[in-house]
2 protein chains.
Amino acid sequence: MGTKGEKLRQRIVAAADELFYRQGYENTSFSDIADAVGISRGNFYYHFKSKDEILNAVINTRVSGIDKMLNEWNKEFTDPRQRLYHYIDMPLRNQEKISLHGCPVGSLCTELAKASHSMLDDANNMFIVFRTWLVAQLELLGIDNNAEQVAMHLLARGQGIASVANAFEDKEFLQQEVKQLKRWLDDEIFDSSH
Amino acid sequence: MGTKGEKLRQRIVAAADELFYRQGYENTSFSDIADAVGISRGNFYYHFKSKDEILNAVINTRVSGIDKMLNEWNKEFTDPRQRLYHYIDMPLRNQEKISLHGCPVGSLCTELAKASHSMLDDANNMFIVFRTWLVAQLELLGIDNNAEQVAMHLLARGQGIASVANAFEDKEFLQQEVKQLKRWLDDEIFDSSH
DNA sequence: ACCAATATAGGTCAACCGTCCTATATTTCA
DNA sequence: TGAAATATAGGACGGTTGACCTATATTGGT
């Protein structure tokens, strides 16, 4: 039951997700989303009763999407060190989008913080899923005294790279910084685990 | 001439500056600014003919404010190393505001990038003024082969700290990261200049 | 085939926004 | 002082937005 409705609902969330990323949450209207999906506003409102509700759906989709992606990484790479490299390389793989629209996680949190939006806490879960996974990888490498701190540091480095690469629309800078961050990780792992 | 008008104009820009920082540009209306200053919208519109115009004024104020601040730092500290420490400590001095509203420079650029606003280039000048000053200090320390790269790195580190500290509203994290960044600078200066 | 549940469309509404306009008030200076 | 320039107030506008409502259309189960 609800197969068709559920499918459309997912299409709506996917369109909202993309639009929120590209032009921001506040700057995206119901009409924008409805147009992108190709349905009427009335139909849209049948599936989501308020704008907060679709924001919540988008956040949940992103959180579970991140979680799913990290589980796939775990299957793809058995070495925690390789997994961390793969994490650090993430901005590199998405350099086009990131230089144009920033980090989907960070830019949304920034916007919600600025709007004093109550859903900032939910959005933070996007960060926390990454952080939890990072901590797990670091602990596998024997970094257990300050794994959380290192994980937070990695989050922040990624945010810094994305913010500046976005402001200057500078992919070269992004590439340089990713390299540098990998070198830092080498030193960090070496210093703490030998 | 225009002394009174000029003074009010400055009050308007100051109020807009603060509001843009605290609740974002798009989320701040003419009424918000007019109310904050205590004037009518009509009077407001007499001084600024469009919203872009006041955004431009705010950006220019911030750019020249940063420039002025850096010149004062130059007078306050003769040692470029001390100047760089003072730069890195900046988030620490403003930790309350930064954990609440992020970095005034970065969050505005993020918002303008998301809105595809043409004034993003002007906003980037806030970054560039910092970067130019950082390059000058680094070159004084003999770092001349990759000064620009190091300066960009320092910008990005600051943005990462501010973004994450803002998302989590976490001052402890901010303090940790500032310490860590100072250690990094020590290593960087030592490695490159000895 | 029929009826209830679900889905879709499109109109309406109040609120807000940036912009513009006009009517006063205040200041400036000849 | 009085006229011209500047400054201030507040109303009006067209457009957009989130939200709501009602009328159809489609679907699914009996």
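Computed from a prediction, not measured in an experiment: that's the story for all the values here. Residue numbers start from 1 in every chain, and the chains themselves are labelled A, B, ... in the order their sequence lines are given, proteins ahead of strands.
Note on residues 149-158 of chain B: no pairs pass salt bridge (Lys or Arg N to Asp or Glu O under 4.0 Å), not counting sequence neighbours. For the side-chain hydrogen bond (donor to acceptor under 3.5 Å, both in side chains) condition, the pairs that include at least one residue of residues 116-132 of chain A, sequence neighbours left out, are A/Asp52-A/His117.
Phosphate contact (OP1/OP2 of D/dA9, side-chain N/O of B/Asn43, threshold under 4.0 Å): present. Of the side-chain N and O atoms in A/Tyr46, one or more sit less than 4.0 angstrom from OP1 or OP2 of C/dA7. For C/dT8, one of the phosphate oxygens OP1 or OP2 lies less than 4.0 angstrom from a side-chain nitrogen or oxygen of A/His47.
Following rounding to the nearest Å, A/Glu53 (CD) and D/dC20 (P) show an atom-to-atom distance of 11 Å. Distance, B/Lys49 NZ to D/dA7 P: 12 Å, rounded to whole Å. Protein atom CZ of A/Phe44 is 13 Å distant from nucleotide atom C1' of D/dT17, rounded to whole Å. With rounding to whole Å, A/Phe48 atom CZ is found 12 Å from C/dT8 atom P. The distance between atom CD1 of A/Ile12 and atom C1' of C/dA7, rounded to the nearest whole Å, is 11 Å.
In this structure, A/Tyr21 contributes its side chain and A/Val105 its backbone to no donor-acceptor pair below 3.5 Å.
Take B/Asp89 and apply the salt bridge (charged side-chain N to carboxylate O under 4.0 Å, His left out) test, not counting sequence neighbours, and it matches B/Lys182. Checked against side-chain contact (heavy atoms from CB on, under 4.5 Å), B/Leu100 has the following partners two or more places apart in sequence or in another chain: B/Glu96, B/Glu169. Under the side-chain contact (heavy atoms from CB on, under 4.5 Å) criterion, B/Asn27 pairs with A/Glu26, A/Ala115, sequence neighbours left out. Taking the side-chain contact (heavy atoms from CB on, under 4.5 Å) definition, one finds that B/Asn74 meets it with B/Asn71, B/Arg83, B/Trp133, B/Gln137, sequence neighbours left out.
Between A/Tyr87 and A/Trp73, the two ring planes are perpendicular [angle over 60°; tilted spans 30° to 60°].
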Just the atom pairs and distances: protein N or O near nucleotides 11-18 of chain C's N or O, under 3.5 Å.
residue: C/dG18; atom: OP1; partner: B/Lys51; partner atom: NZ; Å: 2.9
residue: C/dG18; atom: OP2; partner: B/Phe30; partner atom: N; Å: 2.9

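Counting only Watson-Crick and G-U wobble pairs whose two distances sit under 3.5 Å, DNA chain C takes part in these stems of three or more pairs: C:1-30 with D:1-30.
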Name every donor-acceptor pair, under 3.5 Å, that has one atom in a side chain of residues 36-45 of chain A and the other anywhere in the protein, sequence neighbours excluded.
residue: A/Ser40; atom: OG; partner: A/Asn43; partner atom: N; Å: 3.2
residue: A/Tyr45; atom: OH; partner: A/Lys49; partner atom: O; Å: 2.4

